[in-house]
Amino acid sequence: MALDADALLSTMSQAAANAFGQVWKDVKNYTIPELRKLAGTFVDIELGLSARPPYYTKESADILFRMQVRATESILTATTALTMMAVEKALNEILAAVKVAINQAVKFALV
């Protein structure tokens, strides 16, 4: 089943709201665009791995995923009053919400 960026964004946004708790209202405007980029990265990775010939390897997909997560962490930390530890904790919860779907779609443990 192909990944749907809008469905991923919805799931990740819900997880973000739960993870950030009371500060969600303060960080939502910065977080949603970053999660949209992360969802798009997941879809691109899946498409790249399933293309014939594939334009990603497992290794390059992993690098792309990790780069996008680091970018998301950096932007959320820089644009909010949150610390890197708080953002990292929230991102771990957000990624846990889509982990099974992503890993099934790409057919290896990416997340």
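Since this is a predicted model, take the numbers as computed values, not measurements.
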Reported CG-to-CD distance for the pair Leu76 and Glu88, which is rounded to 0.5 angstrom | 12.0 Å
Would you mind reporting whether Leu47 and Tyr56 have side-chain heavy atoms less than 4.5 Å apart?
-> no
Distance, nearest 0.5 Å, that separates OG1 of Thr80 from CG of Asn29 | 12.0 Å
Side-chain heavy-atom pair Asp44, Leu64 within 4.5 angstrom cut-off = yes
Between Ile102 and Ile45, is any pair of side-chain heavy atoms under 4.5 Å apart?
-> no
Would a 4.5 Å heavy-atom cut-off, applied to side chains only, mark Met12 and Leu38 as touching?
-> yes
Can you measure from CG (Leu49) to CG (Leu110) and round to the nearest 0.5 angstrom?
-> 8.0 Å
Salt bridge flag under 4.0 Å for residues Arg66 and Asp62 | yes
Distance from Phe20 atom CZ to Lys28 atom NZ, nearest 0.5 Å?
-> 13.0 Å
Looking only at non-hydrogen atoms, find the nearest pair between Trp24 and Ala16 and report the distance.
-> CZ3-CB, 3.5 Å
Shortest non-hydrogen contact between Ile32 and Ser13, atoms and distance = CD1-OG, 3.1 Å
Leu3 vs Leu8, side chain to side chain contact (heavy atoms under 4.5 Å, CB included): CA-CA, chis, key distance, verdict | CA-CA 8 Å; Leu3 293 173; Leu8 289 172; 4.2 Å; yes
Could you tell me the separation between the CE atom of Met84 and the CD atom of Glu73, rounded to the nearest 0.5 Å?
-> 5.0 Å
Taking a hydrophobic cluster as the set of Ile, Leu, Val, Met, Phe, Trp and Tyr residues connected by side-chain heavy atoms closer than 4.5 Å, whether directly or through intermediates, do Tyr55 and Val106 fall within one such cluster?
-> yes
Check whether any side-chain heavy atom of Asn18 sits under 4.5 Å from a side-chain heavy atom of Glu93, and report yes or no.
-> no
For Ala7 and Asp4 the tightest heavy-atom approach is N-OD1, 2.9 Å
Heavy-atom closest contact (Thr11 atom, Ala97 atom, distance) | CG2-O, 3.7 Å
Indicate if Val23 and Ile94 have the same hydrophobic cluster label, given that clusters are the connected sets of ILVMFWY residues with side-chain heavy-atom separations under 4.5 angstrom.
-> yes
Pairwise side-chain contact, Val111 with Val98, heavy-atom cut-off 4.5 Å (strictly under) = no
Verdict with reasoning, Glu34 to Lys37, per salt bridge (Lys or Arg N to Asp or Glu O under 4.0 Å) = CA-CA 5 Å; Glu34 293 309 309; Lys37 292 174 193 173; 3.0 Å; yes
Looking only at heavy atoms, which two atoms of Glu46 and Ala105 are closest? And how far apart?
-> OE2-CB, 3.6 Å
State, yes or no, whether a side-chain contact exists between Leu95 and Phe65 at a heavy-atom distance under 4.5 Å.
-> yes
Any side-chain heavy atom of Ile75 sitting closer than 4.5 Å to one from Tyr30?
-> no
Backbone N or O of Asp6 within a donor-acceptor pair of the Ser10 side chain at under 3.5 Å?
-> no
Say you draw a straight line from CG of Leu35 to OG1 of Thr72; how long is it, rounded to the nearest 0.5 Å?
-> 7.0 Å
